[in-house]
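What follows is a set of notes on a single structure, which appears directly below.
Note that the coordinates shown come from a computational prediction; the quantities given were computed from them, not determined experimentally. Throughout, a chain's letter reflects where its sequence line sits, starting with A, and its residues are numbered from 1.
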2 protein chains.
Amino acid sequence: MKGDNRLSRMLHVLVHMAQREGPVTSEEMAQMLNTNPVVVRRTMAGLRESGFVQAERGHGGGWRLARGLGDITLLDVYRAIDEPPLFSLRIAEDTPGCLVEQAVNAALDSELSAARERLLRRFGEITLAALAGDFERRWRASSKRATKA
Amino acid sequence: MKGDNRLSRMLHVLVHMAQREGPVTSEEMAQMLNTNPVVVRRTMAGLRESGFVQAERGHGGGWRLARGLGDITLLDVYRAIDEPPLFSLRIAEDTPGCLVEQAVNAALDSELSAARERLLRRFGEITLAALAGDFERRWRASSKRATKA
DNA sequence: ATGATTAGTAACTTTCGAAGTTGCGTGAGA
DNA sequence: TCTCACGCAACTTCGAAAGTTACTAATCAT
């Protein structure tokens, strides 16, 4: 499976938005994500509809956070981008009447559902403020190294 | 992401194999999985190389279990099919030098790794015998209904 | 032997969703 | 009114699993 970058990318730009004074344009975000502004707007649309960011058009426009980083969790972002599938593993329904298949699928479904639930609970406990805090630790560490040299 | 049926399908055919006397051909498995014998052989190849099944060619040939269902766990099967990615979520590496990206990715990676570890540990605790047991419960339940009627 | 059967495998096509791209419309400020 | 920036539809590209075709290599029945 090829994978889905959207959650990772949205978290990235949201933390960047908090580091800046004014609004951030899709063009700037596209550079951060090494992609195209349309891709950014498409994915950000969900965050806008969920009220985590606001967009303004025209001169001086762009995107702003509508809530503090401490008020947004990874779970919020995951939901805002429409809860894409978490797992690559898919449960086959090749022979729906087969009781063996049903038994196998029940077991897999039970484990995957439990794993999903645990993971999303953790996502709900992690705010973007925590990510920003980690970023600042990394930043201080790297500027210390730079100052020494 | 489109998903990956291989684990689910392999579990399905392995439990079927234990329900039968002689070997099972790829053609028969393909019918169980509603697919093509080549797809079956391709995926079963990993199980053969890992020693969970044996294949014989020619008349009366086909596939046999090389170990009891109680000796094979979901984790064994997952490993035998080459440990495909568990998650659809991918961690973006769009701007490798960016400390914000690094902080986001570290958090995601940590959660996904923990979730993977927990899930695989559970897989290691579930034998195919347990799946077969559940199948038999379902079978008895359905034949009881059939007898009543 | 020889013919039928079944696995092994390479090479190619199909499928499906995320990502990327193009083009045009809309609103807002200089 | 010109430019900037988002909104959005429609199309193309990309990647991996699944599916298909075609052939080879064993093995057994006759």
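A straight line from CZ of A:R64 to C1' of D:dC6 spans 14 Å, rounded to a whole angstrom. One interatomic measurement links the two molecules: CG of A:N5 to C1' of C:dG20, which rounds to 13 Å at whole-angstrom precision. Computed from coordinates, the B:D4 CG to C:dT15 P distance equals 19 Å when rounded to whole Å. For the pair B:L89 CG and C:dA19 C1', the interatomic distance rounds to 16 Å; values are reported in whole Å. For the pair A:E83 CD and C:dG17 P, the interatomic distance rounds to 18 Å; values are reported in whole Å. One can place CG of B:D82 at 14 Å from C1' of D:dA16, the figure rounded to the nearest angstrom. Note: CZ (B:F87) to P (C:dA18) measures 18 Å, nearest angstrom. One atom, CZ of A:R90, and another, C1' of C:dT15, lie 10 Å apart when rounded to the nearest Å.
The existence of a salt bridge linking A:E117 and A:R121 is confirmed by a sub-4.0 Å separation between a basic side-chain nitrogen and an acidic carboxylate oxygen. A salt bridge does not link B:R118 to A:E111: none of the charged side-chain nitrogens sits closer than 4.0 Å to a carboxylate oxygen. Ionic pairing of A:R116 and A:E83 is present here: one or more N-O contacts between side-chain nitrogen and carboxylate oxygen are shorter than 4.0 angstrom.
Side-chain atoms of A:E125 and A:R122, non-hydrogen and from C-beta on, do get closer than 4.5 Å to each other. Contact annotation: the side chain of B:N105 approaches that of B:I91 to within less than 4.5 Å [non-hydrogen atoms, C-beta and beyond]. Put simply, the side chain of A:M10 does not reach to within 4.5 Å of the side chain of A:Y78, judged on heavy atoms.
Of the residues in residues 47-60 of chain B, those with a non-hydrogen atom less than 4.0 angstrom from any atom of DNA chain D are B:R57, B:G58, B:H59. Heavy-atom distances under 4.0 Å link DNA chain D to B:R9 of residues 8-28 of chain B, given in residue order. Annotation: proximity of residues 34-45 of chain A to DNA chain C (heavy atom, distance under 4.0 Å) is found for A:T35, A:N36, A:V38, A:V39, A:R42, numbered in ascending order.
No option in B:D71, B:L128, B:I72 other than B:I72 meets the side-chain contact (heavy atoms from CB on, under 4.5 Å) test with B:F52.
Defined by atom type and a distance below 3.5 Å, a donor-acceptor pair is missing between the side-chain atoms of B:T25 and B:W63. Side-chain atoms of A:S8 and A:N5 form no donor-acceptor pair, as typed in the model, at a separation below 3.5 Å.
Hydrophobic clustering of Ile, Leu, Val, Met, Phe, Trp and Tyr side chains at less than 4.5 Å, counting indirect connections, unites A:F87 with A:V104.
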Next item on the list: Let me see the working for B:E28 and B:R20 under salt bridge (Lys or Arg N to Asp or Glu O under 4.0 Å), right down to the final yes or no.
Entry: CA-CA 12 Å; B:E28 290 169 315; B:R20 303 231 331 210; 3.4 Å; yes

